[in-house]
2 protein chains.
Amino acid sequence: MPQDNSEPPKRPGRPTMREVALLAGVAPKTVSRVVNGVSTVDPALAARVRAAAERLGYRPNLTASSLRRGDGRTASVGMLVEDAANPYSSALIRTVENVARQRGVLLLIGSLDEDPARERALAHTLIDRRVDGLVIVPSGRDQSYLISEQNAGTALVFVDREPKLLDADAVVSDNRASAITAVDHLLAGGHRRIAYLGDLASISTAAQRYDGYTHALELAQLPVDEALVRQGLVTEQAAIDATREVLALPDPPTALFTSQNVVTIGCSRALRELGLQDRVAMVGFDDFPLADMLRPGISVIAQDVEGIGRIAAETLFRRLDGDQSPPATTVLPTRLITRGSGEIRRGEPSGD
Amino acid sequence: MPQDNSEPPKRPGRPTMREVALLAGVAPKTVSRVVNGVSTVDPALAARVRAAAERLGYRPNLTASSLRRGDGRTASVGMLVEDAANPYSSALIRTVENVARQRGVLLLIGSLDEDPARERALAHTLIDRRVDGLVIVPSGRDQSYLISEQNAGTALVFVDREPKLLDADAVVSDNRASAITAVDHLLAGGHRRIAYLGDLASISTAAQRYDGYTHALELAQLPVDEALVRQGLVTEQAAIDATREVLALPDPPTALFTSQNVVTIGCSRALRELGLQDRVAMVGFDDFPLADMLRPGISVIAQDVEGIGRIAAETLFRRLDGDQSPPATTVLPTRLITRGSGEIRRGEPSGD
DNA sequence: CGACTCTGAGACAACGTGGTCTCGACGTCA
DNA sequence: TGACGTCGAGACCACGTTGTCTCAGAGTCG
């Protein structure tokens with residue numbers, strides 16, 4: 001029977017089911033039933049329990065609950081991205097979050113900064129917290145360390161880059177084909193000397209984009225001039241420097257293909273500084289905010305980030321719901337968005 | 001003693017301490033000691049335990065651990081922001097993550113989309129997972145629902161906006177003074193009709209910025225013309241429409257003060273469409289990527305987002321380390337960044 | 001050499017919860 | 001009316017871990 005003294009609980013720490021049970025005059029198990037909405041509880045009893053819980057400020061302990069529960073699910077999912085602050089990663093996080101929220105699942109996030117050691121360390125920390133699944137944009141070249149986790153029932157979905165030495169679901173863009181599209185677009189503008197500016201060649205997507213670049217040139221029966229290829233550009237400043245250097249060559253490129261966000265922005269900055277933004281064509285990989293507001297607008301290969309995130313999340317939850325089909329890679333198409341910078345023809349300044 | 005059959009564990013689920021103990025021929029408690037690096041364990045025994053753990057692919061269960069541990073800490077912190085995808089929120093997340101990582105603490109994140117109901121719901125979900133602390137950019141006007149959690153020992157730090165009906169630490173920018181700085185800057189350019197374009201007046205920071213706007217005008221002995229004030233602009237499109245409307249007035253403003261990111265970008269877009277970007281001055285609140293690459297560059301009041309995030313995280317962990325001093329609000333200064341748009345003088349197009 | 005301390009490892013219980021089983025009360029029907 | 005089924009609530013224990021206590025064996029010292 002509920003007491004009627006109205007002081008708040010003075011004991012430090014949090015009230016437990018036992019205390020609620022004591023106050024309501026029932027067994028802890030009955031409190032458990034009420035909290036979990038089991039329908040066989042007498043409505044009057046349930047009301048008493050709820051009142052007691054309310055009075056004590058009781059909150060169920062999901063940690064204990066998931067420990068005891070049969071399936072051991074924690075209703076949380078880990079997400080490892082390159083850098084939570086960059087637009088691509090944060091858009092991905094938000095999209096996965098949207099899907100997860102509908103299931104009452106929370107996201108644990110971590111940034112890897114392209115560091116394979118951190119990938120392993122953070123993945124393990126997440127696993128030690130028994131997340132139900134992991135969404136990973138991998139930094140390393142070997143995910144075999146996750147095999148035992150996969151066997152133990154942790155759902156794994158890779159995003160942007162496929163897992164290595166591990167058979168798991170992945171959701172990626174068609175990097176090679178998209179790079180070919182970009183370079184073809186520049187070739188159609190009459191360009192014959194097209195530079196490639198990209199980040200670490202060790203990143204598989206970067207490698208695929210470079211592969212597309214060389215392939216497109218070969219198809220056009222053009223040589224790949226090593227002098228026009230600059231890789232390993234990690235910072236905006238590196239991209240700026242590289243752009244200056246290739247444009248200072250005796251026979252400079254008339255167009256640039258940039259393999260990634262940060263590089264694109266750096267190149268764009270360099271072109272502006274040199275006053276060449278209307279004379280040198282540029283197509284970048286990855287869209288970014290305000291790309292349309294620059295003059296000229298920056299033409300890009302846009303990935304379907306929301307689609308990628310949504311499908312990744314859906315794939316993950318399908319696995320958690322018991323889908324046993326063999327792991328598969330979903331390849332999403334990209335889109336060439338023409339805004340001006342990519343439509344500058346050889347020898348003709350943009351009319352913008 | 002370790003066995004030497006080398007098959008991987010076939011049992012479904014994850015190996016536990018007991019199984020490691022069994023394989024190593026020790027008591028579970030000894031495994032616990034080894035895992036936790038207790039130094040009193042015989043090195044040879046510890047090595048045997050580690051080998052057994054390795055062979056089984058054992059990973060400690062932090063869920064169970066934190067349940068049993070005296071302090072009940074989970075080494076995780078919840079973070080509720082407006083929208084994980086927006087640059088301000090994602091920068092904040094990343095900064096807090098950096099501090100948290102040094103302590104091996106993980107971040108659980110949630111987006112509120114300015115929905116007070118979601119704030120409460122997500123805060124409770126995080127509490128049910130027994131996060132050690134919460135970093136919140138609040139959406140609602142009442143955080144008293146957190147009082148019991150605060151009493152129960154959950155550390156709380158509010159960011160960007162102070163808590164209401166709750167006494168807790170906060171880290172904010174000086175919104176009112178910064179708005180005055182912005183408006184003064186426009187007044188110094190000779191402007192007398194300055195529009196205010198802002199988002200929901202119900203958001204405390206927006207209200208403070210508006211307050212600064214009116215105050216600056218009053219100090220200059222100028223009237224606040226209601227026709228030049230547009231609030232509740234939540235989307236970029238709303239900002240575009242509002243900009244068009246105020247500029248279509250019989251006596252249009254010659255300068256705009258925009259209270260927030262999305263609004264600033266919308267206004268900037270509208271000015272461009274109208275061809276007025278070099279004639280109408282603009283200062284925005286909150287910096288954003290590429291603001292310097294537009295023509296003219298967008299002058300802004302920049303918050304010290306990294307400072308805010310870092311101090312918020314440090315304050316949180318100081319509380320978790322036992323700091324009992326009364327809750328305090330840390331106010332961080334902002335910085336006016338002049339890039340062109342705010343330096344357009346009345347009646348003179350920018351020379352940019 | 002016996003009583004002492006000290007050290008390292010194990011036995012035991014408990015953290016907060018939910019699965020399982022039990023049991024009393026009640027209703028039903030022959 | 002008595003045997004049986006049903007149903008709601010509690011007793012009991014286990015989930016994986018660690019705090020506490022115990023204890024065997026080694027070391028120490030008068």
Side-chain angles (χ1 to χ4, degrees), chain A residues 1 9 11-49 52-53 56-75 127-131 152-153, chain B residues 1 9 11-50 52-53 56-75 127-130 152-153:
Chain A
M1 185 185 302
R11 236 198 4 70
R14 246 172 257 278
T16 69
M17 273 194 176
R18 207 213 312 285
E19 292 166 60
V20 175
L22 222 58
L23 180 58
V26 299
K29 178 74 223 197
T30 299
V31 178
S32 166
R33 282 194 259 258
V34 172
V35 167
N36 288 290
V38 173
S39 61
T40 60
V41 181
D42 182 86
L45 241 192
R48 227 164 72 204
V49 168
L56 295 177
Y58 170 76
R59 287 263 99 209
N61 184 333
L62 254 54
T63 303
S65 170
S66 86
L67 180 62
R68 184 59 184 90
R69 284 195 125 87
D71 58 9
R73 292 283 170 83
T74 55
I127 286 159
D128 294 352
R129 283 169 174 74
R130 296 297 185 267
V131 292
Chain B
M1 185 184 303
R11 236 194 12 63
R14 246 171 255 277
T16 69
M17 272 192 177
R18 204 207 319 278
E19 292 166 58
V20 175
L22 222 58
L23 180 59
V26 300
K29 177 77 225 200
T30 301
V31 178
S32 167
R33 283 193 260 256
V34 172
V35 167
N36 290 289
V38 173
S39 61
T40 59
V41 180
D42 182 85
L45 242 192
R48 228 166 69 205
V49 168
R50 263 189 288 269
L56 295 177
Y58 171 76
R59 288 263 100 209
N61 184 333
L62 255 55
T63 303
S65 170
S66 86
L67 180 63
R68 185 61 184 89
R69 283 194 126 89
D71 57 9
R73 291 283 170 84
T74 55
I127 287 160
D128 294 352
R129 282 170 176 73
R130 296 298 184 266

- request: Sugar-phosphate atoms are those with a prime plus P, OP1 and OP2; base atoms are the rest. Using that split, label each nucleotide of nucleotides 5-12 of chain D B, S or - for protein heavy atoms under 4.0 Å, 5' to 3'.
  value: ---SBBB-

Solution key, residues 38-45 of chain B side-chain donor-acceptor pairs under 3.5 Å, sequence neighbours excluded:
from	atom 1	to	atom 2	distance (Å)
B/Asp42	OD2	B/Ala44	N	3.0
B/Asp42	OD2	B/Leu45	N	3.3

- request: Determine which pairs satisfy salt bridge (Lys or Arg N to Asp or Glu O under 4.0 Å) with at least one residue from residues 62-74 of chain A, sequence neighbours left out, and list them in order.
  value: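 Matches after skipping sequence neighbours: none remain.
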
[atom2] on [Y] to [atom1] on [X], rounded to 0.5 Å:
X	Y	atom1	atom2	answer
B/Ile127	A/Leu62	CD1	CG	12.0 Å
B/Thr63	A/Asn61	OG1	CG	10.0 Å
B/Leu56	B/Met17	CG	CE	13.0 Å

message: Main chain of A/Ala75, side chain of B/Arg129: is a donor-acceptor contact present, judged purely on distance under 3.5 Å?
response: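 Yes; at least one donor-acceptor contact below 3.5 Å.
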
Which residues share a side chain to side chain donor-acceptor pair (under 3.5 Å) with B/Asp128, sequence neighbours left out: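 Listed in chain order: A/Arg59.
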
For the student: nearest non-hydrogen atoms of [X] and [Y], plus distance:
X	Y	value
B/Ala21	B/Ala27	CB-C, 3.8 Å
A/Val49	A/Val20	O-CG1, 3.9 Å
B/Tyr58	B/Thr16	CE1-C, 3.6 Å

field: Close side-chain approach of A/Arg14 and B/Arg130, heavy atoms under 4.5 Å
entry: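 Answer yes - side chains close enough.
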
message: What residues from residues 62-73 of chain A pass a heavy-atom cutoff of under 4.0 Å to DNA chain D?
response: A/Leu67, A/Arg68

Can you pull every protein N or O that's under 3.5 Å from an N or O on nucleotides 23-25 of chain D?
none

- request: Take the C1' atoms of the five end pairs on each side of the helix from C/dC1-D/dG30 to C/dA30-D/dT1, get both axes, and report the angle to 10 degrees.
  value: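 End-to-end axis angle for the helix from C/dC1-D/dG30 to C/dA30-D/dT1: 50°, rounded to 10°.
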
message: Under 4.0 Å from a heavy atom of chain B: give me the 5'-most and 3'-most nucleotides of DNA chain C that qualify.
response: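 Going 5' to 3' along DNA chain C, contacts run C/dG8 to C/dG16.
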
